[in-house]
Asker: 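Structure in structure tokens, see below.
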Amino acid sequence: MNKNITILGAGLVGSLLAIYLNKRGYNINIYERRGDMRNEKITAGRSINLALSDRGWKGLRSVGIEDEIRKIAIPMQARYVHNEDGSVSKQPYGKEGQAIYSVSRGELNKKLMSLVEENSGVKIHFNHFCNHVDLNNKTLSFSSGPVDSRQNSPVSYEVLFGADGAFSSLRYSMQFLDRFDYSQKFIEHGYKELTIPAGENGEWQLEKNFLHIWPRHSFMLIALPNQDGSFTCTLFFPFEGEPSFSSLKNENDVEQFFAKFFPDVIALMPSYKDDFFRNPASSLIYIKCYPWSLGDSACLIGDAAHAIVPFFGQGMNAGFEDCTVLDELLNENGDEWGKIFSSFQHSRKDNTDAICDLALNNFIEMRDLVADPHFLRKKKIEKMIMADFPDRYISPYQMVSFSDIPYVEALDKGKQINQVLEQLTRHENPETRLDSPEIQSLIQTILFG
Ligand code: FAD
């Protein structure tokens, strides 16, 4: 039985995976490119808040660390939409009591690393940048240690997981294999982080338990609450065009842009102009590849296998679900890694492709449709259907965020539901006619048929 496992990357997924595998008695070595972030301050402009939802919680619960993470998570029960005309509206994410949770990526990662190191038999080797995976000889080469004393030091592996993110070194080596499919796409938008600090007495300057959105058609600003009373804001914005990162060249441009599109934010964000020029504009990519594994020796997991855009808040959640699925396969197959990897990639690939599509679609919904009258009408009808069929109707958003229904089913069902809602919006006054036999039969057939 193979008891030694190597993981590339001590990010969110690599760390959680290590906890899962260590509980089964494996010895684990994790090689992480960066230094130990627990000793370093998270750089401003790079802090990122993540929305943690049911699939993520399930991944944490199965290894008994859910309660520990809940301590650093803030529930957000609805979208709080700040419209262009200054009006606001609240769009609940699900039923009463359902919420997604804001967590700082850095804090979560630090916590997971500490939980990893609580276990014996796991070692995280920091400052180890893997620059080559030799798949034939099963060795890894690293640039390790401080930059001026780096040396290549090959390390052998028996079973290797690539949890090293969107620019995975394991995946790079696999790209040279025959019949390995790979595609990547940078979208037109990037993102920049800004901050709404806590008020004078440490209070939240916006309502706390919401994900705030300022949808502005071709771009949007969002704000997620932090535990210290601040909000981490992200401006999703095109790189080129008018307006865009490249068109805002100086403080005056930024000032005019905010005055036009986010006037209510200016008073809350005193350093927005400095932050705008200090913080980087980062790009957004999605990546698809297949297969994810090589025989019984190596497998990609998390963003390394399926990086997606962040607009459904599911990248990490999908990566944590990878760990849950892998764990179930270990229950069924013992140490037969070839079988496990093959079933794993087979069961996950369609689902991660589906969440990739759902995330791309959700960007349009978030930046544009949440303020669009036709979309709002569909949402209103959907709400009425939910009220009429509380036990039977689950919206696509709920399927993705508040269940572990396979993503591929959520995507298919979402398309069907959209058709029904489109049909219903064409009726003169669906609000009063939802109980007509014609509409009831439409709902029954398409939604539950
Ligand atoms: P990563 O978090 O990228 O971790 C990879 C690790 O590997 C890192 O520690 C890295 O230093 C290390 N590494 C990389 N290369 C090497 C190498 N060659 N050698 C050694 N180590 C290496 N997801 C959600 O679920 N909800 C959200 O709300 C959400 N919001 C997001 C917002 C933004 C702006 C972005 C960019 C992403 C968001 N995501 C969200 C996605 C989420 O951040 C990722 O899906 C998640 O971080 C993936 O985890 P991972 O461990 O697979 O990869």
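Atoms considered below: every heavy atom in the structure, side chains included; atoms not considered: hydrogens, waters and symmetry mates. Just so we're clear, the structure is a prediction, and the values are computed from it rather than from any experiment. First listed ligand is number 1; within each ligand, the first listed atom is number 1.
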Asker: I'd like to check whether V13 has a polar contact with ligand 1, where a contact means an N/O of the residue lying under 3.5 Å from an N/O of the ligand.
Answerer: yes
Asker: Could you list the atoms of ligand 1 found under 4.0 angstrom from a heavy atom of G165?
Answerer: 3 (O), 5 (C), 53 (O)
Asker: Does the side chain of F258 reach to within under 4.5 Å of the side chain of P263, using non-hydrogen atoms?
Answerer: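 They are not in contact (no side-chain heavy atoms under 4.5 Å apart), so the answer is no.
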Asker: So, is the end of the K3 side chain (NZ or CZ) under 6.0 Å from the ring centre of Y26 and within 45° of the ring's axis?
Answerer: yes
Asker: Counting from 1, what ligand 1 atoms have a heavy atom of F129 closer than 4.0 Å?
Answerer: 18 (N), 19 (N)
Asker: Checking the side chain of K349 only, and the main-chain atoms of C289 only, is there a donor and an acceptor separated by less than 3.5 Å?
Answerer: yes
Asker: Please identify which atoms of ligand 1 are closer than 4.0 Å to at least one heavy atom of N317.
Answerer: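 Counting atoms of ligand 1 from 1, those under 4.0 Å from N317 are 24 (C), 25 (O).
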Asker: Between F257 and F261, what is the ring plane arrangement, given parallel below 30°, perpendicular above 60°, and tilted in between?
Answerer: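 Answer is tilted, since the angle falls between 30° and 60°.
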Asker: Does N22 reach the main-chain N or O of S120 with its side chain, forming a donor-acceptor pair under 3.5 Å?
Answerer: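 Answer holds: yes.
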Asker: Is there a donor in the side chain of R24 and an acceptor in the side chain of N331, or the other way round, less than 3.5 Å apart?
Answerer: yes
Asker: Please answer whether the main-chain N or O of R34 pairs with a side-chain N or O of E32 as donor and acceptor at a distance below 3.5 Å.
Answerer: yes
Asker: Just to confirm my output: which protein heavy-atom neighbour is closest to atom 30 (N) of ligand 1, and how far is it?
Answerer: L50 CD2, 3.4 Å
Asker: For atom 16 (C) of ligand 1, which protein heavy atom lies nearest, and how many Å away is it?
Answerer: D164 CB, 3.7 Å
Asker: Name the one of K58, R55, R61 that satisfies salt bridge (Lys or Arg N to Asp or Glu O under 4.0 Å) with D404?
Answerer: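 Option passing the salt bridge (Lys or Arg N to Asp or Glu O under 4.0 Å) with D404: K58.
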Asker: Counting only heavy atoms, tell me which of M316, H132, R105, E321 gets closest to atom 47 (O) of ligand 1.
Answerer: R105
Asker: With no hydrogens and no angle check, is any side-chain donor or acceptor of N137 less than 3.5 Å from a backbone partner on D134?
Answerer: no
Asker: With respect to N49, determine whether any N or O atom, backbone or side chain, lies less than 3.5 Å from an N or O atom of ligand 1.
Answerer: no
Asker: So if I count the atoms of ligand 1 from 1 in the order they appear, which ones are less than 4.0 Å from some heavy atom of G302?
Answerer: 52 (O)
Asker: Who gets closest to atom 5 (C) of ligand 1 by heavy atom: G14, A305, A163, G9?
Answerer: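 The option holding the nearest heavy atom is A163.
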Asker: Where is the nearest protein heavy atom to atom 4 (O) of ligand 1: which residue, which atom, and how far?
Answerer: G11 CA, 3.6 Å
Asker: Is it the side chain (CB and beyond), the backbone, both or neither of S169 that lies under 4.0 Å from ligand 1, heavy atoms counted?
Answerer: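 For S169, only side-chain atoms sit under 4.0 Å from ligand 1.
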Asker: Testing the 3.5 Å rule here: is there a donor-acceptor pair between the side chains of S102 and N49?
Answerer: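 Yes - a donor-acceptor pair under 3.5 Å links their side chains.
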Asker: I'd like to check which ligand 1 atoms, numbered from 1 as shown, lie under 4.0 Å from a non-hydrogen atom of Y31.
Answerer: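 That gives atoms 20 (C), 21 (N) of ligand 1.
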Asker: Say whether P310, considering both its backbone and side-chain N or O atoms, lies within less than 3.5 Å of an N or O atom on ligand 1.
Answerer: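 Looking only at distances, the answer is no, because the N/O contact criterion of under 3.5 Å is not met.
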Asker: Taking only heavy atoms of G315, which atoms of ligand 1 are found under 4.0 Å from at least one of them?
Answerer: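 Under 4.0 Å from G315, ligand 1 has these atoms: 23 (N), 24 (C), 25 (O), 41 (C), 45 (O).
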Asker: Has L12 got any heavy atom lying under 4.0 angstrom from an atom of ligand 1?
Answerer: yes
Asker: Return a yes/no value for G313: is any of its N or O atoms, backbone included, closer than 3.5 angstrom to an N or O of ligand 1?
Answerer: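 The answer is yes, given that G313 and ligand 1 share an N or O pair closer than 3.5 Å.
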Asker: So, the side chain of D253 versus the backbone of N250: is there a donor-acceptor pair under 3.5 Å, distance only?
Answerer: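 Answer holds: yes.
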Asker: Evaluate E32 for polar contact with ligand 1, using N/O atom pairs at a separation under 3.5 Å.
Answerer: yes
Asker: Would you name the heavy atoms of N362 and F311 that are closest together and state the gap between them?
Answerer: ND2-O, 2.8 Å
Asker: Using the ring of each side chain (for Trp, its six-membered ring), is F236 parallel, tilted or perpendicular to Y191, with breaks at 30° and 60°?
Answerer: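 Tilted.
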Asker: Would you mind checking which non-hydrogen protein atom is closest to atom 21 (N) of ligand 1, with the distance to 0.1 Å?
Answerer: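 Residue, atom and distance for the closest contact: R33 N, 3.0 Å.
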Asker: I need the atoms of ligand 1 closer than 4.0 Å to a non-hydrogen atom of H128, numbered in the order shown.
Answerer: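 Every atom of ligand 1 under 4.0 Å from some heavy atom of H128: 19 (N), 20 (C).
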Asker: Quick test: of every protein heavy atom, which one is nearest to atom 19 (N) of ligand 1, and how far off is it to 0.1 Å?
Answerer: C130 N, 3.0 Å
Asker: Using modelled atom types only, decide if a donor and an acceptor are shared between the side chain of S230 and the backbone of N226 within a distance under 3.5 Å.
Answerer: no
Asker: For atom 36 (C) of ligand 1, what is the nearest protein heavy atom, given as residue, atom name and distance?
Answerer: Y191 OH, 3.6 Å
Asker: How far is atom 45 (O) of ligand 1 from its nearest protein heavy atom, and which residue and atom name does that atom have?
Answerer: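 Result: D303 OD1, 2.8 Å.
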Asker: When only distance counts, is A51 in polar contact with ligand 1, meaning an N/O pair under 3.5 Å?
Answerer: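 Checking ligand 1 against A51, an N or O pair does fall under 3.5 Å apart.
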Asker: Please determine, by modelled atom types, if H306 and N351 share a side-chain donor-acceptor pair under 3.5 angstrom.
Answerer: no
Asker: What atoms of ligand 1 come within less than 4.0 Å of a heavy atom belonging to R34?
Answerer: 8 (C), 9 (O), 11 (O)
